[in-house]
A.B. asks: 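Dropping a structure here in structure tokens format, bear with me for questions.
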Amino acid sequence: MGSQVSKQVERRKSIADEKKILADLLDSSGDQFPGSDYRPPDRKTWMSAIGPDRLRVDQIVWPGTHDSATDKIGVRFVSRPFAQCQSCSIYGQLAGGARVLDVRVQEDRRVCHGVLTTYSVDVVIDQIKRFISETQHEIIILEIRTEFGHDDPPDFDKYLVDKLGDLLIHQDDAVFNKTVAELLPRRIICVWKPRKSPAPKRGDPLWSSGYLKDNWIDTDLPSTKFESNMKHLSEQQAVTRRKYFYRVENTATPQADNPVVCVRPVTGRIHGYARLFISQAFKRGFADRLQVFSTDFIDGDFVDACVGMTHARIIEGKA
């Protein structure tokens with residue numbers, strides 16, 4: 001009993017120390033970066049505002065959401081706090097400016113996060129199509145994967161192609177060097193990551209897992225996650241030199257050995273430092289490698305930071 005209490009005391013001290021590291025870094029260096037003052041006229045149509053003929057796919061800083069379809073996961077007030085990573089619907093996230101979605105499914109095509117489930121993936125598809133119908137120039141990266149510990153939904157690739165049809169941008173390395181205008185009227189890059197089913201091939205309507213990479217680490221320590229993200233980002237090539245999307249997740253993950261196991265307070269330890277991360281990427285000399293930036297509980301400030309950097313990169317020629 002005494003050793004367990006001592007361990008918890010040490011864990012809490014580690015968390016407090018790491019929160020202070022990020023707070024001190026923010027105080028000493030600030031979170032300004034090229035484009036940090038930019039605000040899109042309307043987050044729902046920020047790609048249109050910058051200009052589809054100017055936005056080249058590989059140079060966009062894509063604001064994304066982690067575990068996107070968890071707004072109604074599990075049972076409210078009971079199991080939901082342990083798995084909910086977003087409070088807005090898929091449509092709400094897209095209308096609010098998100099352009100990369102992370103959706104996990106199980107065998108029956110229901111969305112899940114671990115053992116908890118929510119609505120059918122049909123809800124996700126319908127809300128995406130609603131957003132697409134209301135906009136003209138917004139491109140989406142839709143990542144759908146089979147959740148760990150589950151089997152692939154039968155014929156799921158055929159289901160996605162049937163549902164999304166002519167909206168799908170086919171797998172092709174040349175896409176990275178094209179502008180949004182050159183891809184229209186197709187609107188969705190759909191990355192399908194099955195566990196056992198055959199992976200999509202070059203030229204297919206769906207994209208294989210190697211086109212969306214990340215280096216996720218399982219930690220609730222904010223500075224540890226922040227610096228791990230920095231390290232792995234620094235090891236990537238510049239966005240103009242690679243033919244895949246690289247994602248950085250500005251999130252922290254609850255740990256079973258810590259008393260705080262609800263998502264919101266744990267991920268909140270790093271949530272407010274998204275602008276600091278972008279600022280540090282500039283200061284450390286590898287802002288030209290940042291491309292997909294995702295978060296839990298996405299908000300307008302996070303979107304504005306990504307769109308601001310996109311504007312600076314494409315319109316002002318910075319990063």
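Side chains included, hydrogens not; waters and symmetry mates left out as well; all remaining heavy atoms used. Just so it is clear, the structure is predicted and the values come from calculations on it, not from any experiment.
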A.B. asks: Indicate whether the side chain of Asp152 and that of Ser197 have a donor and an acceptor atom separated by less than 3.5 Å.
C.D. replies: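 A pair is found: one side chain offers a donor N or O, the other an acceptor, under 3.5 Å apart.
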A.B. asks: Under 30°, 30 to 60°, or over 60°: which ring-plane class applies to Phe156 and Trp192, parallel, tilted or perpendicular?
C.D. replies: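 Geometry flag for Trp192 against Phe156: tilted rings.
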A.B. asks: Working note: Arg242 + Asp58, criterion salt bridge (charged side-chain N to carboxylate O under 4.0 Å, His left out); need CA distance, chi angles, decisive distance, verdict.
C.D. replies: CA-CA 8 Å; Arg242 62 182 190 238; Asp58 60 356; over 6 Å; no
A.B. asks: With hydrophobic residues grouped by side-chain heavy-atom distances under 4.5 Å, do Phe286 and Tyr244 end up in a single group?
C.D. replies: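 Yes; Tyr244 is reachable from Phe286 via cluster members.
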A.B. asks: Whether the Gln280 and Arg284 side chains hold a donor-acceptor pair (N or O, under 3.5 Å, no angle test) is what I'd like checked.
C.D. replies: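 Their side chains do contain a donor-acceptor pair, which is all the 3.5 Å distance test asks for.
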A.B. asks: If I compare all heavy atoms of Leu116 with all of Ser79, which pair ends up nearest, and what's the gap?
C.D. replies: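 Heavy atoms only, the tightest pair is CD1-O, 3.6 Å.
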A.B. asks: Are side-chain N/O atoms of Glu18 and Thr224 paired as donor and acceptor at under 3.5 Å?
C.D. replies: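 On atom types as modelled, these side chains qualify, holding a pair under 3.5 Å.
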A.B. asks: What's the shortest heavy-atom distance between His170 and Val175, and which atoms?
C.D. replies: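 Smallest heavy-atom distance, with atoms named: O-CG2, 4.0 Å.
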A.B. asks: Quickly, which of Gln86, Gln84, Arg104 forms a side chain to side chain donor-acceptor pair (under 3.5 Å) with Asp67? Name it, please.
C.D. replies: Arg104
A.B. asks: Between Phe245 and Phe176, how do the two ring planes meet: parallel, tilted or perpendicular, split at 30° and 60°?
C.D. replies: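 Plane angle between 30° and 60°, so tilted.
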A.B. asks: Can you name the closest pair of heavy atoms from Cys190 and Leu164 and give their distance?
C.D. replies: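 Looking at all heavy atoms of both residues, the closest pair is SG-CD1, 4.5 Å.
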A.B. asks: Between Ser279 and Asp31, is any side-chain donor less than 3.5 angstrom from a side-chain acceptor?
C.D. replies: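 No donor-acceptor contact under 3.5 Å links the two side chains.
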A.B. asks: For a quick check under 3.5 Å, do Thr135 and Arg187 share a side-chain donor-acceptor pair by atom type?
C.D. replies: yes
A.B. asks: Where do Glu134 and Lys44 land on the salt bridge (charged side-chain N to carboxylate O under 4.0 Å, His left out) test, with the steps shown first?
C.D. replies: CA-CA 9 Å; Glu134 295 175 357; Lys44 185 176 182 179; 2.7 Å; yes
A.B. asks: Please report the closest heavy-atom contact between Pro40 and Trp46, naming both atoms and the distance.
C.D. replies: CB-CB, 3.9 Å
A.B. asks: So which of Phe282, Phe293, Phe33 actually passes ring-ring contact (aromatic ring centres under 6.0 Å, His included) with Phe277?
C.D. replies: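 The single option meeting the ring-ring contact (aromatic ring centres under 6.0 Å, His included) with Phe277 is Phe293.
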A.B. asks: Evaluate whether atom CD of Glu107 has more than 12 neighbouring non-hydrogen atoms of other residues, nucleotides or ligands under 6.0 angstrom away.
C.D. replies: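 More than 12 within 6.0 Å, yes.
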A.B. asks: How far apart are the C-alpha atoms of Arg269 and Asp220, what are their side-chain angles, what is the distance that settles it, and do they pass the salt bridge (charged side-chain N to carboxylate O under 4.0 Å, His left out) test?
C.D. replies: CA-CA 8 Å; Arg269 296 167 188 165; Asp220 62 352; 3.5 Å; yes
A.B. asks: Is a salt bridge present between Glu147 and Arg195, judged by a nitrogen-to-oxygen distance below 4.0 Å?
C.D. replies: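 Salt bridge: no.
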A.B. asks: I'd like to know whether CZ of Arg12 has more than 12 heavy-atom contacts from other residues, nucleotides or ligands below 6.0 angstrom.
C.D. replies: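 Check fails, neighbour count at 12 or below.
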A.B. asks: Using a 3.5 Å distance criterion without hydrogens, assess whether the side chain of Arg130 forms a donor-acceptor pair with backbone atoms of Tyr91.
C.D. replies: no
A.B. asks: Ignoring hydrogens and geometry, is there a side-chain-to-backbone donor-acceptor pair from Arg110 to Tyr119 under 3.5 Å?
C.D. replies: no
A.B. asks: Give the minimum heavy-atom separation between Ile169 and Arg186, together with the two atoms involved.
C.D. replies: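 In this case the closest contact between Ile169 and Arg186 is CG1-CB, 3.6 Å.
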A.B. asks: Using a 3.5 Å distance criterion without hydrogens, assess whether the side chain of His137 forms a donor-acceptor pair with backbone atoms of Met47.
C.D. replies: no
A.B. asks: State whether a side-chain donor-acceptor pair under 3.5 Å links Gln93 with Asp71.
C.D. replies: no
A.B. asks: Less than 3.5 Å apart, any donor N or O on the side chain of Glu227 or Asn229 sitting next to an acceptor on the other?
C.D. replies: no
A.B. asks: Check whether Lys129 reaches the backbone of Lys163 with its side chain - one donor and one acceptor, N or O, closer than 3.5 Å.
C.D. replies: yes
A.B. asks: Hey, mind stepping through Arg11 and Asp257 against salt bridge (charged side-chain N to carboxylate O under 4.0 Å, His left out) and telling me if it holds?
C.D. replies: CA-CA 9 Å; Arg11 290 282 293 141; Asp257 65 348; 3.7 Å; yes
A.B. asks: Please tell me whether Thr251 and Lys225 have a donor and an acceptor in their side chains that are separated by less than 3.5 angstrom.
C.D. replies: yes
A.B. asks: Output yes when Arg264 and Asp296 qualify as a salt bridge under the 4.0 Å nitrogen-oxygen rule, no when they do not.
C.D. replies: no
A.B. asks: Examine the side chains of Ser48 and Glu138 and answer whether a donor and an acceptor come within less than 3.5 Å of each other.
C.D. replies: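 Looking only at side-chain atoms, Glu138 and Ser48 do form a donor-acceptor pair, the distance falling under 3.5 Å.
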A.B. asks: Any donor-acceptor pair under 3.5 Å linking the side-chain atoms of Ser68 with those of Thr65?
C.D. replies: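 The criterion, which ignores hydrogens and geometry beyond distance, is satisfied for Ser68 and Thr65.
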A.B. asks: How about Leu206 and Leu160: do any of their side-chain heavy atoms sit closer than 4.5 Å?
C.D. replies: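 Yes. Closest side-chain heavy atoms under 4.5 Å.
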A.B. asks: Tell me whether Lys158 is salt-bridged to Asp162, with the criterion being a basic N under 4.0 Å from an acidic carboxylate O.
C.D. replies: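 Answer for the salt bridge query: no.
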